Amino acid sequence: PESQWGYVDSIVSRESSWNPNAVNPSSGACGLGQQLPCGKWAGAWNDPVAALQAQYGYVNERYGGYANATAFWNANHWY
């Protein structure tokens, strides 16, 4: 939802700098949301739309929403 874009931007900016082809050389995490392991989310890992849809499902399931995921990221520097 549009109301969540500030949180999305906060996480994605720090995880991948909005580069859909970003790969973390040490962990192997990839894509906009830095999925680990690379390719675990549905769709092509470097497809921005698929990555954001998958990330949305992930943050809702694991954190209960982007606000909580962002708070976790701010406290731990990962999510």
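Keep in mind that this is a model prediction, so the values were computed, not measured. FYI, side chains are in, hydrogens and waters are out, and symmetry mates aren't considered; it's all heavy atoms of this structure.
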Colleague: Closer than 3.5 angstrom, by distance alone: can the side chain of Asn76 be matched with the main-chain N or O of Trp78 as a donor-acceptor pair?
Modeller: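 Not a single qualifying donor-acceptor pair exists.
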
Colleague: For Asp47 and Val49, which heavy atoms make the closest approach, and how far apart are they?
Modeller: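 Looking at all heavy atoms of both residues, the shortest contact is OD1-N, 3.0 Å.
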
Colleague: List in chain and number order the residues that pass side-chain hydrogen bond (donor to acceptor under 3.5 Å, both in side chains) with Ser27, two or more places apart in sequence or in another chain; answer none if no residue qualifies.
Modeller: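 With sequence neighbours excluded, Ser27 shows a side-chain hydrogen bond (donor to acceptor under 3.5 Å, both in side chains) to no residue whatsoever.
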
Colleague: Closest approach of Cys30 and Gly39, non-hydrogen atoms and distance?
Modeller: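 In this case the closest contact between Cys30 and Gly39 is SG-N, 3.9 Å.
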
Colleague: Could you tell me whether the side chain of Tyr79 reaches within less than 4.5 Å of the side chain of Glu15, counting heavy atoms only?
Modeller: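 Yes - at least one pair of side-chain heavy atoms lies under 4.5 Å apart.
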
Colleague: Who passes side-chain hydrogen bond (donor to acceptor under 3.5 Å, both in side chains) against Ser3, sequence neighbours left out?
Modeller: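 With neighbours one apart ignored, the set is empty.
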
Colleague: Is a side-chain donor or acceptor of Asn68 paired with a backbone partner of Tyr63 at a separation under 3.5 angstrom?
Modeller: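 Pair found, side chain donor or acceptor close to backbone of Tyr63.
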
Colleague: If you compare all heavy atoms of Ala69 against all heavy atoms of Ile11, which two are closest, and at what distance to 0.1 Å?
Modeller: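 Looking at all heavy atoms of both residues, the shortest contact is CB-CD1, 3.8 Å.
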
Colleague: Who else is in Val23's hydrophobic cluster (ILVMFWY, side-chain heavy atoms under 4.5 Å, direct or via others)?
Modeller: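 Trp45, all in the cluster of Val23.
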
Colleague: Just wondering, do Ser13 and Trp18 contact through their side chains at under 4.5 Å, heavy atoms?
Modeller: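 Contact flag for Trp18/Ser13 side chains = yes.
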
Colleague: Using a 6.0 Å cut-off, check whether atom OH of Tyr56 has over 12 heavy atoms from anything other than its own residue.
Modeller: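 12 or below, so no.
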
Colleague: When rounded to the nearest 0.5 angstrom, what is the spacing between CG in Leu52 and CG in Leu32?
Modeller: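 Result: 5.5 Å between the selected atoms.
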
Colleague: Less than 4.5 Å apart, side chain to side chain, heavy atoms only: is that true for Arg14 and Asn74?
Modeller: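 Answer yes - side chains close enough.
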
Colleague: Output all residues satisfying side-chain hydrogen bond (donor to acceptor under 3.5 Å, both in side chains) with Gln34, sequence neighbours left out; order by chain, then residue number.
Modeller: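 For Gln34 there are no side-chain hydrogen bond (donor to acceptor under 3.5 Å, both in side chains) partners, ignoring immediate neighbours.
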
Colleague: Got a sec, which residues hit side chain to side chain contact (heavy atoms under 4.5 Å, CB included) with Ala71, two or more places apart in sequence or on another chain?
Modeller: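 Listed in chain order: nothing, the list is empty.
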
Colleague: Quick one: do Gln53 and Tyr58 satisfy side-chain contact (heavy atoms from CB on, under 4.5 Å)? Show the steps, please.
Modeller: CA-CA 9 Å; Gln53 289 172 333; Tyr58 171 75; over 6 Å; no

Colleague: What are the two closest heavy atoms between Gly31 and Ser16, and how far apart are they?
Modeller: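 Looking at all heavy atoms of both residues, the closest pair is O-CB, 3.4 Å.
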
Colleague: Are Ser17 and Asn19 close enough that a side-chain donor and a side-chain acceptor fall under 3.5 Å?
Modeller: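 Note: Ser17 and Asn19 side chains miss the donor-acceptor criterion.
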
Colleague: Of all residues at least two apart in sequence or in a different chain, which pass the side-chain hydrogen bond (donor to acceptor under 3.5 Å, both in side chains) check with Trp5?
Modeller: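 In terms of side-chain hydrogen bond (donor to acceptor under 3.5 Å, both in side chains), with neighbours along the sequence ignored, Trp5 is linked to no residue.
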
Colleague: May I ask you to decide if Gly33's main-chain N or O and Gln55's side chain share a donor-acceptor pair within less than 3.5 Å?
Modeller: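 No, Gln55 side chain to Gly33 backbone: no donor-acceptor pair under 3.5 Å.
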
Colleague: Would you say OH of Tyr7 has more than 12 non-hydrogen atoms from neighbouring residues, nucleotides or ligands within 6.0 angstrom?
Modeller: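 Open.
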
